Amino acid sequence: MSMSDPIADLLTRIRNAQMAKLPKIVCPSSTKKTAICQVLQDEGYINGFSVEEVDNKPTLTVDLKYFEGRAVIEEIKRESKPGLRIYRGKTEIPVNRGGLGIAIVSTHKGLMTDKQARAAGLGGEVLCTVF
């Protein structure tokens with residue numbers, strides 16, 4: 001069975017695992033999912049991630065982060081969906097929770113946070129927001 005939105009699947013797995021207080025998640029890997037995890041790791045929302053071969057298929061393992069028993073990610077939400085893509089110019093990139101959260105933006109120079117995209121003067125597809 002094919003998945004219509006693999007990025008939403010990754011975000012949902014993270015959200016559900018953190019509600020259940022699980023230490024890590026495992027899901028099918030892709031280049032975009034790995035890039036999203038790299039941004040989350042750089043911003044301190046997850047401890048780390050790794051890509052391994054399981055039955056000749058790349059598998060992504062994400063180590064979730066908790067602080068004093070609470071999940072570091074309070075809210076993770078998919079913005080641009082396959083049925084309705086959301087593109088924003090460099091001046092229209094959203095600020096999440098007054099700058100406390102991040103928006104992950106897909107630009108022609110790769111995935112980056114909203115702050116990095118604004119600093120580089122780039123616009124792109126707003127994939128998700130994290131707080």
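Values below: every heavy atom of this structure, side chains too, minus hydrogens, waters and symmetry copies. The structure displayed is predicted, hence computed values, not measured ones. For this chain, numbers begin at 1 and follow the sequence in order.
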Taking the side chain as C-beta and beyond, is there a heavy-atom pair between P94 and E79 under 4.5 Å? no
So, taking the atom named CZ in R97 and the one named OG1 in T129, what distance separates them when rounded to the nearest 0.5 Å? 8.0 Å
Separation of C27 SG from M3 CE (nearest 0.5 Å): 8.0 Å
Minimum heavy-atom separation for P82 to S4, with atom names? CG-O, 3.7 Å
Please say which of V72, T113, L40, L11 ends up in a side chain to side chain contact (heavy atoms under 4.5 Å, CB included) with V130. L40
Does the K21 side chain pair with the main chain of G69, one donor and one acceptor, at a distance under 3.5 Å? yes
Would you say Y45's side chain and C37's backbone share a donor-acceptor pair under 3.5 angstrom? no
Do the side chains of F67 and L22 join up, straight or via other hydrophobic residues, at under 4.5 Å, putting them in one cluster? no
Any heavy-atom pair between the side chains of Q18 and Y66 that's under 4.5 Å? yes
Are the side chain of R78 and the backbone N or O of L127 linked by a donor-acceptor pair below 3.5 Å? yes
Sequence neighbours excluded, which residues qualify as side chain to side chain contact (heavy atoms under 4.5 Å, CB included) partners of D42? Q38
Quick one: are K33 and P28 in side-chain contact, heavy atoms under 4.5 Å? yes
Donor-acceptor check, side chain of D114 to backbone of V105, threshold 3.5 angstrom: yes or no? no
E125 and S80 have their tightest heavy-atom pair at OE2-OG, 2.6 Å
Answer whether the closest heavy-atom distance between the side chains of M112 and L122 falls below 4.5 Å. yes
Reference residue F49; test side chain to side chain contact (heavy atoms under 4.5 Å, CB included); the match among I25, T34, I36: T34
Nearest 0.5 Å, what's the CG-CD distance between L111 and Q116? 10.0 Å
Supply the atom-to-atom distance F131 CZ to E75 CD, rounded to the nearest 0.5 angstrom. 8.0 Å
If a pair satisfies side-chain hydrogen bond (donor to acceptor under 3.5 Å, both in side chains) and one of its residues is in residues 51-65, list it, with sequence neighbours excluded. S50-E52
One should read off an interatomic distance between T107 OG1 and K90 NZ, to the nearest 0.5 angstrom, of 13.5 Å
Between R88 (side chain) and V126 (backbone), is there a donor-acceptor pair under 3.5 Å? no
CG on L10 to CZ on R15, rounded to 0.5 Å: 10.0 Å
Is there a chain of hydrophobic side chains (I, L, V, M, F, W, Y, each step under 4.5 Å between heavy atoms) that links I76 to I86? no
